[in-house]
Amino acid sequence: MANLLWLQGGACSGNTMSFLNAQEPNVIELVVDYGINILWHPTVGLEIGHQVADLLNDCISGKIQLDIFVFEGTVIQGPNGTGKMNYFADRPMKDWVYDLAHAAQYVVAIGDCATWGGIPAVPPNPTESTGMQFHKKKKGGYLGADFKSKAGLPVINIPGCPAHPDWVTQVLVAISIGRAGEILLDKYHRPKTFFTEFTQTGCTNAPAFNEKIDGGFGKRGGCLFYEVGCRGPMTRSSCNRILWNRQSSKTRSNHPCIGCTEPEFPHHDLKKGTIFKTPKYLGIFPKEVPEGQSKLAYYIKAGFHKIMPTSKALKETSI
Ligand code: SF4
Ligand code: SF4
């Protein structure tokens with residue numbers, strides 16, 4: 001059995017909604033089949049007021065063994081580093097986070113806000129929000145670059161806005177059955193099993209990407225990279241392999257990927273205001289090219305595909 005505690009900081013509860021919709025395994029299976037004992041969760045926990053404070057204090061003192069501490073939302077440090085913008089059970093939430101993270105065997109950050117600050121940490125960041133162990137791409141965050149939980153692991157980051165529910169439940173299962181050592185993390189502490197391949201892997205528009213056939217919102221048969229700035233080739237996630245609701249994904253349903261599993265999310269340039277503007281990568285020499293390719297190599301490859309006769313055939317067969 002593994003005791004799990006879930007708290008929320010600067011959050012919209014989107015990751016909780018996602019988690020409650022998990023399918024493989026679902027939350028009931030997590031409890032019944034994999035022995036995860038949810039000590040408390042802000043949405044489904046029964047305890048209130050001092051009962052919660054007592055439970056948290058028992059976890060910190062070691063009276064209750066805390067195996068997994070899950071945090072959703074940003075760590076709010078404002079105003080002026082006091083954390084008073086986010087009070088919980090008579091203390092700034094950030095103080096609970098510090099003590100619980102140091103008492104837990106494993107610490108798991110769920111969603112972009114908890115992993116790297118997400119939307120609340122976009123400048124001017126009035127709440128002084130940050131992620132558990134990263135601030136955007138920079139390692140450190142609230143707990144510091146050297147933080148390790150009692151089991152010797154850094155914060156396990158499961159990003160996404162929200163995180164895919166099965167990424168969450170499958171990591172929790174791995175911990176609960178004693179296989180946490182097999183969770184290999186990338187440089188942003190994301191489990192490699194979900195965040196090594198690009199989101200584009202498994203996208204049904206991939207042939208059109210190669211052929212440089214433009215698509216758009218809801219238009220079938222084209223790729224969303226050129227006209228509506230799909231970030232599938234620059235984003236690492238398994239959205240097109242572990243489908244959402246086991247049915248589909250953004251790009252399969254012709255909505256561009258907005259790169260929500262990357263630390264720079266939401267991708268913005270305050271001077272140009274691109275957070276509010278649909279990006280385009282169209283043109284002979286687009287400024288952004290798929291990750292892992294030099295601009296020159298991409299221009300040559302794209303130009304070659306454009307003049308291949310198969311482009312015409314693909315256009316004619318697209319719906
Ligand atoms: S729609 Fe996006 S993910 Fe799919 S092929 Fe085009 S760029 Fe790649
Ligand atoms: S398709 Fe892109 S934006 Fe959508 S959930 Fe996956 S990584 Fe996030």
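Just follow the structure's listing: the first ligand is 1, and inside any ligand the first atom is 1.
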Where is the nearest protein heavy atom to atom 2 (Fe) of ligand 1: which residue, which atom, and how far? C230 SG, 2.3 Å

Using 30° and 60° as the class limits, which term best fits the ring planes of W6 and H41: parallel, tilted or perpendicular? tilted

Within a distance under 4.0 Å of any heavy atom of Q200, pick out the atoms of ligand 1 and give their elements. 3 (S), 5 (S), 7 (S), 8 (Fe)

Just to be sure I understand the site: which N, O or S atoms from the protein are less than 2.8 Å away from atom 2 (Fe) of ligand 2? C257 SG

One pair to check against salt bridge (Lys or Arg N to Asp or Glu O under 4.0 Å): E128 and K94. What are the steps and the verdict? CA-CA 11 Å; E128 297 168 35; K94 75 176 181 63; over 6 Å; no

Using a strict 4.0 Å cut-off to heavy atoms of L224, name the atoms of ligand 1 that fall inside it. 1 (S), 6 (Fe)

Do R231 and E262 sit within salt-bridge range, that is, some charged N less than 4.0 Å from a carboxylate O? no

Pairwise distance CE(M234) to CD(E264) - rounded to 0.5 angstrom: 10.5 Å

Find all atoms of ligand 1 within a distance of less than 4.0 Å from any non-hydrogen atom belonging to N205, and give their numbers and elements. 1 (S), 4 (Fe), 5 (S)

Just jot down the ligand 1 atoms closer than 4.0 angstrom to any heavy atom of C223, in number order. 5 (S), 6 (Fe), 7 (S)

Can you list the ligand 1 atoms lying under 4.0 Å from a non-hydrogen atom of A206? 5 (S)

What atoms in ligand 1 come closer than 4.0 Å to a heavy atom of C203? 1 (S), 3 (S), 4 (Fe), 5 (S)

Suppose I only count heavy atoms of F209 and a 4.0 Å limit; which atoms of ligand 1 are within that range? 5 (S), 7 (S)

Carboxylate-amine/guanidinium proximity below 4.0 Å for E197 and R236: no

Mark yes or no for whether Y226, through its side chain, and F209, through its backbone, hold a donor-acceptor pair below 3.5 Å. yes

Under 3.5 Å, is there a donor-acceptor pair between the D186 and T196 side chains? no

Any donor-acceptor pair under 3.5 Å linking the side-chain atoms of S237 with those of T261? no

Mark up the atoms of ligand 1 that fall under 4.0 Å of a heavy atom belonging to P233, in ascending order. 7 (S)

Does a salt bridge link K150 with D67, judged by any charged N lying under 4.0 Å from a carboxylate O? no

Between F19 and the options L30, V44, T43, D166, the side-chain contact (heavy atoms from CB on, under 4.5 Å) test singles out L30

